[in-house]
Amino acid sequence: MNKPRPRRSRPSRPPRPNSQPRQASAPAREVKLKPTVPLHWREALVPLLADAGYQPVDEKALARKLHVPSQEVSAFTEFLAEEEKVGRVMQVRHSLYVLPRRLGYSVGILQMNERGFGFLVPTNPAEPDFYIASEDTGTAFHGDLVLARLKEQRGRQRDTRLRGEVVKVLQRKRRQLVGTLRKTPLFYFVLPDETRIPHDICVPPPSDPATLGQKVVVELKDWPDRRKPPEGIITEVLGAPDAPGVDLLSIIRKHDLPTSFPEKVEQEAADIATPIPTGEIARREDFRKIFTLTIDPDDAKDFDDALSYRAHPNGDFEIFIHIADVSHYVQTGSALDTEARSRGNSIYLVDRVIPMLPEKLSNGICSLQPHVDRLVKTAIVTLDKRGEIKSFRFAAGIIHSAKRFTYKEAFAQLRKPSTTPLAQHLHALNGMAQNLRRRRFAKGALDLDFPEVKVRVNDLGIPTHLERTENDISHQLIEEFMLLANEVVALELKRLGRPGLYRIHENPDPGRLEEFRAQAKSMGFSCGDLTQRGEIQKLLTRVRGQAGESVVKIGLLKSLKRAMYSPKPLGHYGLAKINYTHFTSPIRRYSDLIVHRLLFGNNRDTSDFNYDGLSRVALHLSNTERSAAEAEQESVKLKKLEYFDRQAHATKRTSFQSLILEVRSSGLLVQLPEFLVQGFVHLSALQGDLFVFNPQRLELQGQRTRIILRAGQPLQVEVATVDLARHQVDFRATKQSLMKLLSSPRV
């Protein structure tokens, strides 16, 4: 949908056959991240190979240096093979072991672009991202873990951007793809749905000729040589692309998402007793007499968080941030725990939720529903009038939520005077939340919030309308207190000297910021040196309320590094916080469940948490989060396309306000800000004149009317065509909109 898709690499022939001390609380049940091999091997190997005096040696010599007992040599061999498989070490000539970075190699995730090139995102956060040209991607697909080598820049190619080439695929992101079965006169192939995979997959002829043109799942074979096309085997026929439900089923199969829980997991959930034992209540701090409320989306069922507060005579504000106590019900090492860790997080598609935990927990005994007792882990923070933290503590508690608000209901109350006790409660919470928000931005946080567009579908999965949701004060109220809880938990973990799992967002690459700066300037938004946080804030203030606000914010997000999990507290650039973790959503994020266990366990209970184990789970959860986000965004994008496809075939055409993002020789890349949808207006869809591209000024000019089209201009458009297979929508400009531009100033 965003940009014209590059020509795919077609196979030329058919495949061959084949703060304050926290309050004492109930004991926590801890996760045990024990390595599968002796811990001292992992701790000693990398420092040994990183030592400046290290000379590459083979396996036997390495075993001697690490004092591996003779009876453990076989296990050590397996250990080295595993380390090599994930790219922590590599073998060179004569089977000598070295660290990849010592030889100019890097290990990371290949993030492909629809135009064929990509970027390597190293697994080591300290290493920079670098560019991978389409001809240098080797046999890697989007999302694969790869070993890449930095390329030396010569002559005119030298620029500020690091470049590299893939030399080896370490792990495939997925072993199966979803696509449409097609054929040439000589062979069959599958056209992948994933637009960032520019290769068709050769497959054997199907047993049923009617399968041609249908959506299928194809299992990939090994692909060792880029000079030959990738091959696969069809394992499942999903159905016709336009059949009800096939579109989202394709996304589920494409991302290999679970559709049910194993029987053992369901049984463990069923065996959990619903009533809270009296003894458990006695061990906890009782918050049931404090007025408590929740604020969530209209259709939410898994309520992770609730709020209470006390106003003190001296003006202090004591906020109680209650979070569902999932760790009480999900025992470490249980089938429930193992499955939750494997899933990593819940996934929210347009018409369904794929939960991390079975419904009995996610929508039942863990969910902080109103009018029932629920177990919680609570962060209690005392703030002064300005929102400055004075003290904080943590407690295992029990609550009884008195009121469930939707965001719409809370927003309606906050827009009116506080004439009722309930409204006064909301207004007091919002007043402090806005204090926290002002302080956060004063410290350098970036305002990257923009509206969300939800697709509403009927029982058949057909999109009926698009609903825009603003980040209003009701959302901000919850957001600020959740950010506060996440920050004080990170502070407490550091104060206690315990291992931690932190949410990090590293400083952006200056080269990517410069590319974004050029994009913003082409849209008419002046900006200074964006490596200075203050200049980014000025730009965001400048675009607030403008037609291109969402476009600029999305462009900025793309230029920043992706937030991820790490055992190192490296800080959060976007939030401008030195200490930050995830604590507030244990029903839908496994990372938060781990943090609960780390925080509420004692020193003996947390002794089995180690840096190596947390590093591995951080990488796993960063990957599952990325996969979930891709699936969610793809489901929304697909249903938006279906909505506009219906518009294209409607008897009465609807016009939409768009914004020109980019001017090319072939036409205009535009966005509909109201619906956050991008599409293309081809030159042939600019009626009434012949438009010529000016590459110096990056604009199109009408030869007869002298109309000038450039980035940042509004343009009224209608839907021309929608290509659901390629995820693209084409628009045409309305004549009325082009005529309005006749009066535009010519610079």
Side-chain angles (χ1 to χ4, degrees), residues 31-110 120-127 138-140 143-150 164-175 222 224 341-342 344 499 501 564-568 608-624:
V31 66
K32 308 295 185 182
L33 296 175
K34 291 183 177 179
T36 57
V37 300
L39 178 59
H40 63 272
W41 292 352
R42 294 190 186 277
E43 291 180 334
L45 181 63
V46 171
L48 172 64
L49 272 59
D51 187 271
Y54 171 76
Q55 294 295 320
V57 296
D58 61 14
E59 179 187 321
K60 290 183 179 180
L62 207 54
R64 287 195 297 271
K65 287 179 177 291
L66 293 177
H67 308 292
V68 177
S70 58
Q71 65 270 24
E72 296 180 7
V73 168
S74 178
F76 183 70
T77 299
E78 293 180 8
F79 161 68
L80 284 180
E82 188 64 30
E83 295 296 284
E84 188 175 3
K85 189 181 298 183
V86 297
R88 278 191 282 266
V89 301
M90 63 182 293
Q91 289 189 65
V92 293
R93 187 178 301 177
H94 305 305
S95 300
L96 306 181
Y97 284 90
V98 295
L99 290 181
R101 65 173 180 266
R102 292 286 294 270
L103 299 181
Y105 291 85
S106 184
V107 176
I109 303 296
L110 181 63
L120 185 87
V121 182
T123 54
N124 181 356
E127 296 179 18
T139 59
D144 288 349
L145 180 71
V146 301
L147 179 68
R149 175 174 53 211
L150 282 172
E165 62 178 336
V166 174
V167 297
K168 185 179 182 181
V169 176
L170 299 174
Q171 292 180 11
R172 291 283 185 207
K173 179 181 181 180
R174 54 180 69 98
R175 299 299 307 182
D222 289 338
R341 178 171 172 171
S342 175
L501 187 64
M564 57 193 299
Y565 295 104
S566 171
K568 292 183 179 179
D608 283 324
F609 285 93
N610 58 77
Y611 181 83
D612 178 73
L614 287 171
S615 294
R616 285 181 284 121
V617 78
L619 177 61
H620 167 68
L621 295 179
S622 296
N623 289 338
T624 59

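The chain is numbered in sequence order, starting from 1.
- Under the 3.5 Å distance criterion, the side-chain polar atoms of His620 are matched with a main-chain donor or acceptor of Arg341.
- Of all heavy-atom pairs spanning Ser342 and Thr624, the tightest one is O-CG2, 3.9 Å.
- Looking at heavy atoms from C-beta onward, Thr123 lies in side-chain contact with Leu145 at the 4.5 angstrom threshold.
- Here Glu59 contributes atom CD and Arg64 contributes atom CZ; the two are 11.0 Å apart, rounded to the nearest 0.5 Å.
- Counting all heavy atoms, side chain and backbone alike, Leu103 lies closest to Val98 at CD1-CG2, 3.6 Å.
- Looking at Ser95, its side chain never comes within 3.5 Å of a backbone N or O of Gln91 through a donor-acceptor pair.
- Atom CZ of Phe76 sits about 9.5 Å away from atom CD of Glu83, to the nearest 0.5 Å.
- Residue Arg88 holds its CZ atom at 11.5 Å from CG of Leu99, rounded to the nearest 0.5 Å.
- One finds no salt bridge joining Asp144 and Lys173 here, because no Lys/Arg side-chain nitrogen approaches an Asp/Glu carboxylate oxygen to under 4.0 Å.
- Taken from CG in Asp222 to OG1 in Thr139, the straight-line distance is 9.5 Å, to the nearest 0.5 Å.
- Using a 4.5 Å heavy-atom threshold, the side chains of Val169 and Leu147 count as separate.
- Taking CG from Leu170 and NZ from Lys168, the interatomic distance works out to 6.0 Å, rounded to the nearest 0.5 Å.
- Inter-residue side-chain proximity for Leu120 and Ser106 is flagged as met; some heavy-atom pair is nearer than 4.5 Å.
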Validation: residues 45-56 side-chain donor-acceptor distances under 3.5 Å, sequence neighbours left out:
residue	atom	partner	partner atom	Å
Asp51	OD1	Gly53	N	2.8
Tyr54	OH	Val57	N	3.2
Tyr54	OH	Tyr97	O	2.6

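- Atoms OG1 and CD, on Thr77 and Glu72 in that order, are 11.5 Å from each other to the nearest 0.5 Å.
- Without hydrogens or angle criteria, Ser622 side chain to Met564 main chain gives no donor-acceptor distance under 3.5 Å.
- Between Tyr565 and Val617, the closest side-chain pair of non-hydrogen atoms is not below 4.5 Å.
- Under the side chain to side chain contact (heavy atoms under 4.5 Å, CB included) criterion, Asn623 pairs with Ile109, Leu619, Arg626, not counting sequence neighbours.
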